[in-house]
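Here is how names work: the chains are called A, B, and so on, in the same order as the sequence lines, proteins then strands, and each is numbered from 1.
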Amino acid sequence: MKNKRINGNDLIALGYKENHAMGVALKINKKRLGLTKEEMLQKFKDVLETPESFLVDSTFEPLANVLLNIEKIDDELITLNDKPNEYTVYGAENIEEGAKDQMNVAMTLPVTVAGALMPDAHQGYGLPIGGVLATKNAIIPYGVGVDIGCRMALSVFDLPATYLDLEHHKLKKILIDNTKFGAGHSFLKHERSDHAVLDNSLFETNAFIRELKDKAWTQLGTSGGGNHFVEFGVMEFKEKDEVLNIEKGSYLALLTHSGSRGMGATIADHYTKLAKELCKLPFKAQNLAYLDLDSEAGHEYWLAMNLAGDYASACHEMIHVKIKSALGAELLAKVENHHNFAWKEQFNGEEVIVHRKGATPASKDVMGIIPGSMATPGFLVRGKGEETSINSASHGAGRLMSRTKAIKSLSKSDLSSLLADNGVTLIGAGMDEAPMAYKDIHTVMAAQKDLVDIVATFLPKIVRMADDGSRED
DNA sequence: ATGTAC
């Protein structure tokens with residue numbers, strides 16, 4: 001099938017280069033101008049040949065302007081290093097080239113100190129998902145990602161795993177009654193709860209952040225969409241864990257995956273745009289625009305990011321508190337970790353900013369959670385403090401196919417059989433979240449044996465995710 | 001990821 005939309009390769013074929021002119025051209029290309037692909041190609045060809053005759057054209061003037069000034073624009077860009085710093089790729093054989101290409105660009109930034117690519121990596125905006133990047137006093141909004149503070153939280157209860165069979169109906173109802181899914185969805189006034197995070201003084205950082213408070217309140221304790229979930233499952237400890245003080249055995253556990261909802265997304269969008277204005281990088285690196293931590297914008301982003309992280313944590317806490325109370329159970333252990341965030345850490349004797357965009361912190365003895373998919377195990381892990389991975393591990397299995405490909409190619413009956421075979425009850429979710437759309441978690445875990453030890457496994461049994469494209473509550 | 005946007 002012929003692609004009807006012009007892409008970067010079409011522009012290269014016309015003689016465009018991978019620079020800011022192409023960026024502007026692609027932006028114009030997104031507008032619906034009522035022209036056929038052929039007519040658009042001709043326009044782009046004409047503008048490239050005689051930009052001066054388009055300086056009064058309402059649509060193509062910005063492109064003409066960039067083309068006429070491209071040398072000056074290029075001169076004023078921040079220079080990337082010629083060669084990327086070396087970095088380690090874990091599970092390289094199962095990582096798409098696009099993710100490695102993006103990491104290579106990140107490793108040429110003048111602020112980059114070190115990097116690593118986790119075995120679940122795939123292409124994202126700017127830094128790939130599964131990318132870890134240590135920088136010197138600089139923060140990259142797209143190095144954290146759109147869902148700031150996206151994280152995992154695990155509660156292990158003092159109930160045996162058999163509770164899942166015995167009280168299946170009750171548990172399913174608890175999930176439905178105490179969770180809220182879907183992009184844009186929030187709690188009604190009478191459903192809302194308060195949490196100390198709403199009194200966090202970071203909301204007073206500036207007017208922009210202050211205005212996010214109302215939305216944050218309405219969405220507190222909600223889960224959102226995409227790959228986010230709230231699920232009950234079997235937590236299996238094959239031997240006693242001394243640190244958690246949990247005896248060998250199988251327990252009922254609650255696992256949640258979600259982030260900072262609309263609030264974090266708004267912060268990410270705002271500061272990414274600001275970074276792009278303040279930090280002019282060559283075209284291929286523009287989504288890696290960074291802010292100096294000592295600058296006003298950099299400092300503000302750092303505070304806003306930390307607030308979004310606290311907020312995401314509060315959202316998980318609300319869910320776990322409500323569900324624990326509905327269960328009437330006691331907590332044996334609670335483990336949680338961000339996997340989209342940036343931290344100030346020591347690396348090779350100096351303080352660096354470690355961006356983990358879809359990566360689990362794995363410093364020595366630090367516990368983390370690496371989920372599989374809705375029908376494959378997740379893992380409670382303990383970091384080994386491997387410097388080569390910048391004290392990090394994967395944040396999951398990683399996508400094998402894109403959402404669109406999964407929806408097009410995977411069969412619903414195959415998913416049903418897989419769920420049935422594994423004794424999993426699924427509430428909501430689209431085919432893009434089917435386990436077949438993900439890499440094999442065991443291969444991913446094998447690729448990071450040097451990074452984490454497995455403490456216990458989590459088998460999902462009752463899984464709730466956002467409804468498939470529906471707006472229903 | 002988010003209920004958005006040249």
Side-chain angles (χ1 to χ4, degrees), chain A residues 5-6 23-35 40 57-63 65-66 120 122-131 140-152 180-187 208 211-212 214-216 218-220 222-230 256-273 276-277 287 304-305 308-309 311-312 315-316 338-342 355-359 371 395-396 398-399 402-404 406-407 428-430 432-433 437-438 465-473:
Chain A
R5 195 170 202 171
I6 292 172
V24 173
L26 288 170
K27 218 168 176 181
I28 291 172
N29 184 48
K30 278 188 184 170
K31 295 186 182 181
R32 298 186 183 280
L33 300 171
L35 300 176
M40 276 301 272
D57 187 296
S58 59
T59 306
F60 292 93
E61 180 274 334
L63 176 58
N65 228 315
V66 171
D120 60 338
H122 52 100
Q123 226 174 310
Y125 275 105
L127 195 66
I129 319 299
I140 306 169
Y142 264 147
V144 170
V146 174
D147 192 4
I148 301 170
C150 187
R151 69 202 313 273
M152 304 300 304
K180 176 81 85 182
F181 279 85
H185 287 206
S186 52
F187 281 119
F208 164 73
E211 279 172 23
L212 301 174
D214 278 344
K215 187 175 210 171
T218 68
Q219 294 189 324
L220 186 64
T222 62
S223 296
N227 56 3
H228 291 171
F229 59 75
V230 177
T256 51
H257 176 214
S258 53
S260 53
R261 311 288 291 101
M263 178 194 157
T266 307
I267 292 169
D269 181 62
H270 178 82
Y271 286 98
T272 292
K273 282 182 178 149
K276 283 183 180 180
E277 280 169 27
N287 282 329
M305 177 195 78
Y311 175 73
C315 285
H316 282 261
H338 287 325
H339 55 217
N340 282 8
F341 209 65
H355 303 70
R356 294 190 180 88
K357 186 185 191 182
H395 79 314
R399 282 204 161 272
S402 68
R403 293 187 178 280
T404 36
I407 290 163
D432 46 345
E433 287 304 322
Y438 283 88
M465 303 188 79
D467 286 336
D468 183 14
S470 119
R471 287 196 62 109
E472 277 179 296
D473 289 333

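Taking only side-chain atoms of A/K31, from C-beta outward, the nucleotide of B/dC6, B/dA1, B/dG3 with the closest atom is B/dC6.
Between the CG atom of A/L212 and the C1' atom of B/dT2 there is a distance of 13 Å, given to the nearest Å. With rounding to whole Å, A/K273 atom NZ is found 12 Å from B/dT2 atom C1'. Here B/dT2 presents its C1' atom at 12 Å from OH of A/Y125, a figure rounded to the nearest Å. With rounding to whole Å, A/D269 atom CG is found 11 Å from B/dT4 atom P. Per the geometry, NZ belonging to A/K215 stands 12 Å off C1' belonging to B/dA1, to the nearest Å. Atom-to-atom, CZ of A/R399 to P of B/dA1 comes out at 7 Å; the value is rounded to the nearest Å. Rounded to an integer number of Å, the gap from A/D432 CG to B/dT2 P is 13 Å. Rounded to a whole Å, the CG atom of A/L63 is 15 Å from the C1' atom of B/dC6.
Note on A/G259: nothing from the nucleic acid sits closer than 4.0 angstrom, heavy atoms only. Within 4.0 Å (heavy atoms only), A/G264 reaches no atom of the nucleic acid at all.
A close approach under 4.0 Å does not occur between any side-chain nitrogen or oxygen of A/Q219 and OP1 or OP2 of B/dT2. Between A/N227 and B/dA1 there is a side-chain N or O to OP1 or OP2 distance below 4.0 Å. Side-chain N/O atoms of A/R261 include one lying less than 4.0 angstrom from OP1 or OP2 on B/dT2.
No donor-acceptor pair closer than 3.5 Å links the side chain of A/R261 to the backbone N or O of A/Y311.
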Let me see the working for A/T256 and A/H316 under side-chain hydrogen bond (donor to acceptor under 3.5 Å, both in side chains), right down to the final yes or no.
-> CA-CA 7 Å; A/T256 51; A/H316 282 261; 2.7 Å; yes
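Checked against a 6.0 Å centroid threshold, the rings of A/H228 and A/F181 do not count as neighbours. Less than 6.0 angstrom separates the ring centroid of A/H339 from the ring centroid of A/H257.
Cation-pi contact between A/R399 and A/Y438: present, with separation from the ring centre below 6.0 Å and deviation from the ring axis of at most 45°.
Along DNA chain B, the nucleotide nearest A/K30 and the nucleotide nearest A/H228 are compared for position; the residue whose nucleotide lies closer to the 5' end is A/H228.
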